[in-house]
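Note on naming: letters A, B, ... go to the chains in the order of the sequence lines (proteins, then strands), and numbering restarts at 1 for each one.
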Amino acid sequence: MAQDEKEKRPLHFIEQKIEADIAAGKHGGAVLTRFPPEPNGYLHIGHAKAICVSFGLAAKYGGKTNLRFDDTNPEKESTEYVDAIRKDIAWLQFEWNGGEYYTSDYFEQLYDFACKLILRGNAYVDDQSSEDMAAQKGAPGQPGQNSPFRDRSPEENLRLFEEMKSGDCEEGSRVLRAKIDMGHDNMLMRDPIIYRIKFVEHHRTGRDWVIYPMYDFAHGQSDSIEHITHSLCSLEFENHRPLYNWFIQTLGIYPTEQTEFARLNLNYTIMSKRKLLRLVEEGAVDGWDDPRMPTISGLRRRGYTPESIRVFADRVGVAKRNNVIDVSLLEWSLRDDLNRRAPRVMAVLNPIKLVVLNYPEGESEWLETVNNPEDESAGTREVPFGRELWMEADDFKIEVNKKWFRLAPGRVVRLKSAYIVEYVDHLTDEAGNVTEVHVNYIQNSRSGQDVSGVKAKGTLHWVSRSHAIDAEVRLYDRLFNESDPEASGDFMDALNEDSLQIKSKCKLEPSLANAQTGTVYQFTRLGYFTIDSKYSVPSGLVFNRAVTLKDGWKG
RNA sequence: UCCCCGAUGGUGUAAUGGUAACACACCGGUUUUUGGUGCCGUUAUUCCAGGUUCGAGUCCUGGUCGGGGAACCA
């Protein structure tokens, strides 16, 4: 069935291109894609889409995918990020079956490419300052000027480039530039810098190199070296494509091809590694994996499933138009997945005492309840019931109108999987807050064997007071108050001060003592929750709310 | 000022010259021992102007609007 749906679905523009390429026998019909993260930050939901596209397309067409770390700027990169990225991709259940590579693996080859360019008169060493070069670059609509070093001989350039490589030149004193056209309409074609000197230790090559290739000189050639057939990237690289092609053609190497598509944007969030880093560094969140972060690690800790993220990536589509996806689609993807799979349990987050006056003191009984009404195979379990229970403070109100289904003076409600109870009275503290509600239960209304004939409009969740276990529950709201956090200036000003609410004395049904990290539960009537992998310990359980249940009640 | 890309309901995505559809959101109804889920329904869409054509969201021309484009970042 899901298969049929896939068959029928129209092809997006990249699928159409791939199918045309295969039909034309291009690359012998092979499909090899790559995902090329720079290890300078954690992956976020936007990367998740890119991952789903590149890995998904290869899988769909019987091809493979390489994971390649684009590590040409040692100042910002580290193995911490490499490890986190590998973990996140694996968690999304994608396999880099084409292999794991690093652009730094190709430093030697890239250096040879550069020498080749020099020898052919297609590159030169420039001794100018970056200010001077910027001044000569011209502007959109106005051509630039040639560098005074542009016409050095290949021999001199090669000698100078070797000096750069051997560490004889100071940082910033020289660069290698491609010799293209200082009058080109595309600014990137105006003799772009392709190598710069950096006396910085690289996380993989150590101090072997003091010259490092720039992105444009590394990316396309790396694709070419690996024989990538379809190099997919985001729209921001459209302007780079002519350069990408220029290097490949000039060097006469494997003709890989770049295709751009629109990156994912989500409202009420920011999607830039640099800005997410700022949230981390300024302490606005509890690390890259804070459950409010749009990072893959944050979503994982929050309770998102890999399946829900993959479905989401599928739903947002692939096109060239800039987009802003509504976060509700992400939330829907999670609910849709979890509704079918999550075991139901009962938990009370804002507990008040509920006493069943006509239930025998000191007694209790275990009542059978289903684990998942959407999945019979999930089976049943027993929950303890007794005279003293915890109920949700929000489920009782003194003054109500006809739309109120829950407990109130004169009202009757069903306790989920247990009995129908009727209001008797309640206690309040000096401030007027309700502290305790008293009811009588209807004996022959027991769940599944109800012959009472009494009809209750509302159903409440509850937990037996003597069996309950305590836990901390963390409720999350959107990190930003603004749909576009950057619309009115600094996104830090748009932070939602109430994005984290910690409930410390929540009451859970006893089965949750064995809650497994990684399992997401539905707390009946409340939402989906999972053990916090960072702070939860057996003696002090901590749960995160992944997402609320959809609330159709407009009270 | 120049180059590149884009423009379809509130948000996304389809329709590949032939009845503008699907999802999310919204609103309403229904079922329900979760005010969840399910089911049914309502609202609402081709940027503008010309042209080609029997027929244009789709092709052509011009415009408008939006995004991207100057780093020894990727």
Side-chain angles (χ1 to χ4, degrees), chain A residues 9-13 16 36-38 40 70-73 75-77 103 126 129-130 133-134 137-144 171-177 184-190 192-198 211-212 214-216 218-219 233-242 260 262 264 267 273-274 312 315-333 335-336 339-340 344 346 369-370 373-374 403-406 413-418 420 445 447-448 450 456-461 522-527 548-555:
Chain A
R9 206 180 44 186
L11 303 177
H12 59 67
F13 78 102
Q16 290 176 31
E38 182 187 14
N40 68 342
D70 210 347
D71 54 353
T72 59
N73 185 1
E75 278 167 22
K76 296 181 179 170
E77 299 152 5
T103 303
D126 198 326
S129 67
S130 79
M133 282 187 279
K137 193 111 188 176
Q142 289 152 17
E171 207 169 291
S173 64
R174 291 191 161 121
V175 292
L176 184 69
R177 295 226 256 170
H184 202 107
D185 284 333
N186 183 338
M187 298 290 291
L188 290 164
M189 299 293 273
R190 323 250 261 222
I193 293 170
I194 58 179
Y195 264 95
R196 78 285 215 192
I197 301 166
K198 269 183 199 286
I211 54 171
Y212 292 96
M214 297 285 288
Y215 166 84
D216 285 303
H219 201 98
C233 63
S234 53
L235 255 27
E236 54 187 312
F237 292 101
E238 274 174 328
N239 291 321
H240 292 247
R241 181 153 29 95
E260 312 85 12
L264 169 74
N267 58 12
K273 280 195 272 188
R274 215 189 77 244
F312 171 71
R315 294 277 171 157
V316 301
V318 175
K320 299 193 70 159
R321 168 167 33 155
N322 294 316
N323 60 76
V324 181
I325 307 293
D326 201 318
V327 279
S328 66
L329 183 62
L330 215 210
E331 296 179 343
W332 172 84
S333 304
R335 290 194 192 102
D336 187 53
N339 177 48
R340 275 171 281 155
R344 271 60 168 175
M346 290 199 282
T369 185
V370 298
E374 305 299 314
K403 291 200 295 193
W404 180 261
F405 292 0
R406 284 116 94 147
V413 296
R414 157 79 60 184
L415 295 180
K416 174 80 179 167
S417 300
I420 291 175
S445 69
S447 193
D450 185 355
K457 244 181 165 178
T459 302
L460 309 187
H461 60 280
Q522 184 191 108
F523 288 4
T524 300
R525 297 211 302 140
L526 298 176
T548 61
L549 250 30
K550 195 173 157 188
D551 191 357
W553 182 52
K554 286 126 204 122

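- The listed nucleotides are B/rG35, B/rG36, B/rG12; the one nearest the side chain of A/Leu549 is B/rG36.
- At least one donor-acceptor pair under 3.5 Å links the side chain of A/Asp71 to the backbone N or O of A/Thr103.
- For the pair A/Glu75 and A/Lys198, the salt-bridge criterion is met [side-chain N within less than 4.0 Å of a carboxylate O].
- Base contact: A/Gly448 has a heavy atom under 4.0 Å from a base atom.
- Checking side-chain atoms of A/Glu77 against main-chain N and O of A/Asn73 turns up a donor-acceptor pair under 3.5 Å.
- For the pair A/Arg406 and A/Trp404, the cation-pi criterion (under 6.0 Å, within 45° of the ring axis) is fulfilled.
- In this structure, CG on A/Leu415 lies 11.0 Å from NE2 on A/His461, to the nearest 0.5 angstrom.
- Each of B/rG35, B/rU33, B/rG36 was ranked by its minimum atom distance to the side chain of A/Arg414; first place goes to B/rU33.
- The CZ atom of A/Phe13 sits 7.5 Å away from the CD atom of A/Glu260 when rounded to the nearest 0.5 Å.
- Distance, A/Asp551 CG to B/rU37 P: 10 Å, rounded to whole Å.
- Of the two residues contacting RNA chain B, namely A/Phe523 and A/Val316, the nearest-nucleotide position lying further toward the 5' end is that of A/Val316.
- As a whole-Å value, the separation of A/Trp553 CH2 from B/rU37 P is 17 Å.
- Separating the CZ atom of A/Arg406 from the C1' atom of B/rG36 is a distance of 13 Å, rounded to the nearest angstrom.
- Using a 4.0 Å heavy-atom criterion, one finds that A/Gln16 contacts the bases of the nucleic acid, with or without backbone contacts as well.
- Side-chain atoms of A/Arg344 never come within 3.5 Å of backbone atoms of A/Thr369 as a donor-acceptor pair (strictly under, hydrogens ignored).
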**Report entry** Nucleotide-resolved protein contact map, nucleotides 67-74 of chain B, B/S/- at heavy-atom distance under 4.0 Å
**Finding:** SBBB-BSB
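- If you check every strand for non-hydrogen atoms under 4.0 Å, A/Arg190 touches nothing.
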Pairs under 3.5 angstrom, nitrogen or oxygen only, protein versus nucleotides 23-29 of chain B, please.
| residue | atom | partner | partner atom | Å |
| --- | --- | --- | --- | --- |
| B/rA23 | O2' | A/Arg315 | NH1 | 3.0 |
| B/rC24 | O2' | A/Ser328 | OG | 3.3 |

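- Side chain of A/Asn267 to main chain of A/Val327: a donor-acceptor pair is present (N/O by atom type, distance under 3.5 Å, no hydrogens or angles).
- In this structure, the NZ atom of A/Lys416 is 14 Å from the P atom of B/rU32, given to the nearest Å.
- Rounded to whole angstrom, the span from the CZ atom of A/Phe405 across to the P atom of B/rU34 amounts to 12 Å.
- In terms of position along RNA chain B, the nucleotide closest to A/Phe13 lies nearer the 5' end than the nucleotide closest to the other residue of the pair A/Ala456 and A/Phe13.
- One N or O on the side chain of A/Arg190 and one on the backbone of A/His184 form a donor-acceptor pair closer than 3.5 Å.
- Taking 3.5 Å as the limit, the base of B/rU33 and the side chain of A/Ser447 contain a donor-acceptor pair of atoms between them.
- Between A/Lys273 and A/Glu38 there is no salt bridge, since no side-chain N of the basic residue sits under 4.0 Å from a carboxylate O of the acidic one.
- Among the protein residues, A/Gln142 comes within range of no part of the nucleic acid, since none of its heavy atoms lies under 4.0 Å from any strand.
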Quick test: give all pairs of protein nitrogen or oxygen and nucleotides 17-19 of chain B nitrogen or oxygen below 3.5 Å, distance rounded to 0.1 Å.
none

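- Comparing B/rG12 with B/rG62, their C1' atoms are spaced 30 Å from each other, to the whole Å.
- One interatomic measurement links the two molecules: CE of A/Met346 to C1' of B/rU33, which rounds to 11 Å at whole-angstrom precision.
- Rounded to whole angstrom, the span from the CE atom of A/Met189 across to the P atom of B/rC4 amounts to 13 Å.
- Distance alone, capped at 3.5 Å, places no donor-acceptor pair between the A/Glu374 side chain and the A/Arg340 backbone.
- Atom pair A/His12:NE2 and B/rA15:C1' shows a separation of 16 Å (rounding to whole Å applied).
- Among the heavy atoms of the strands lying under 4.0 Å from A/Leu11 is at least one base atom, whether or not backbone atoms are also near.
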